[in-house]
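Because only heavy atoms are used, hydrogens play no part in the values below, and waters and symmetry mates are left out as well, while side chains stay in.
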Amino acid sequence: MKMRFTLSMDDLLVNGIKISNMIIDWVEDVSQQEVLEMSHKWITSKNFLTERMTGLKRVGESSLTIEPIDES
């Protein structure tokens with residue numbers, strides 16, 4: 001199923017550069033199981049973003065929204 005992911009981050013430090021706000025938005029074909037796994041990792045991992053994004057050293061507040069896309 002097609003899902004829209006929206007990642008919002010505030011107070012970032014990337015390669016020594018301070019960024020006040022960044023939003024990354026993408027669409028991906030994923031299974032329901034993949035969505036559940038990603039949601040679980042997001043909730044349970046304290047360093048979910050800094051472990052996966054090259055150059056990202058700090059994130060203040062962040063949120064991940066996952067919404068299905070109506071393909072009708």
Practice task
Write down the atom of Val59, the atom of Ser62, and the distance for their closest heavy-atom approach.
Solution key: CG1-CB, 3.9 Å

Practice task
Measure the OG1-CE distance between Thr65 and Met3 for me, rounded to the nearest 0.5 Å.
Solution key: 11.0 Å

Exercise for the section: Please identify each residue that fulfils side-chain contact (heavy atoms from CB on, under 4.5 Å) with Val14, with sequence neighbours left out. Expected result: Leu12, Ile19, Leu56

Completion exercise
Between the CZ atom in Phe5 and the CD atom in Glu67, the distance rounded to the nearest 0.5 Å is 10.5 Å

Practice task
Using side-chain contact (heavy atoms from CB on, under 4.5 Å) as the criterion, list what pairs up with Thr44, not counting sequence neighbours.
Solution key: His40

Practice task
Check whether any side-chain heavy atom of Met38 lies under 4.5 Å from a side-chain heavy atom of Leu64, and answer yes or no.
Solution key: yes

Fill in the blank from the handout: Residues at least two apart in sequence or cross-chain that pass side-chain contact (heavy atoms from CB on, under 4.5 Å) with Ser39, listed by chain then number, are Val35, Ile66

Fill in the blank from the handout: Residue pairs meeting salt bridge (charged side-chain N to carboxylate O under 4.0 Å, His left out), one or both in residues 47-66, sequence neighbours left out, come to Asp11-Arg58

Handout entry: Interatomic distance, Lys41 atom NZ to Leu36 atom CG [nearest 0.5 angstrom]
Key = 12.0 Å

Handout entry: Straight-line distance of Ser45 OG to Asn47 CG, nearest 0.5 Å
Key = 6.0 Å

Atom pairs and distances, donor-acceptor, side-chain atoms in residues 20-28, under 3.5 Å, two or more places apart:
from	atom 1	to	atom 2	distance (Å)
Asn21	ND2	Asp10	OD1	2.4
Asp25	OD1	Thr6	OG1	2.7
Asp25	OD2	Arg4	NH1	2.6
Trp26	NE1	Glu28	OE1	3.1

Handout entry: side-chain hydrogen bond (donor to acceptor under 3.5 Å, both in side chains) against Thr54, all qualifying residues, sequence neighbours excluded
Key = none

Problem - Gap separating the CH2 atom of Trp42 from the CG atom of Leu7, nearest 0.5 angstrom - result: 5.0 Å

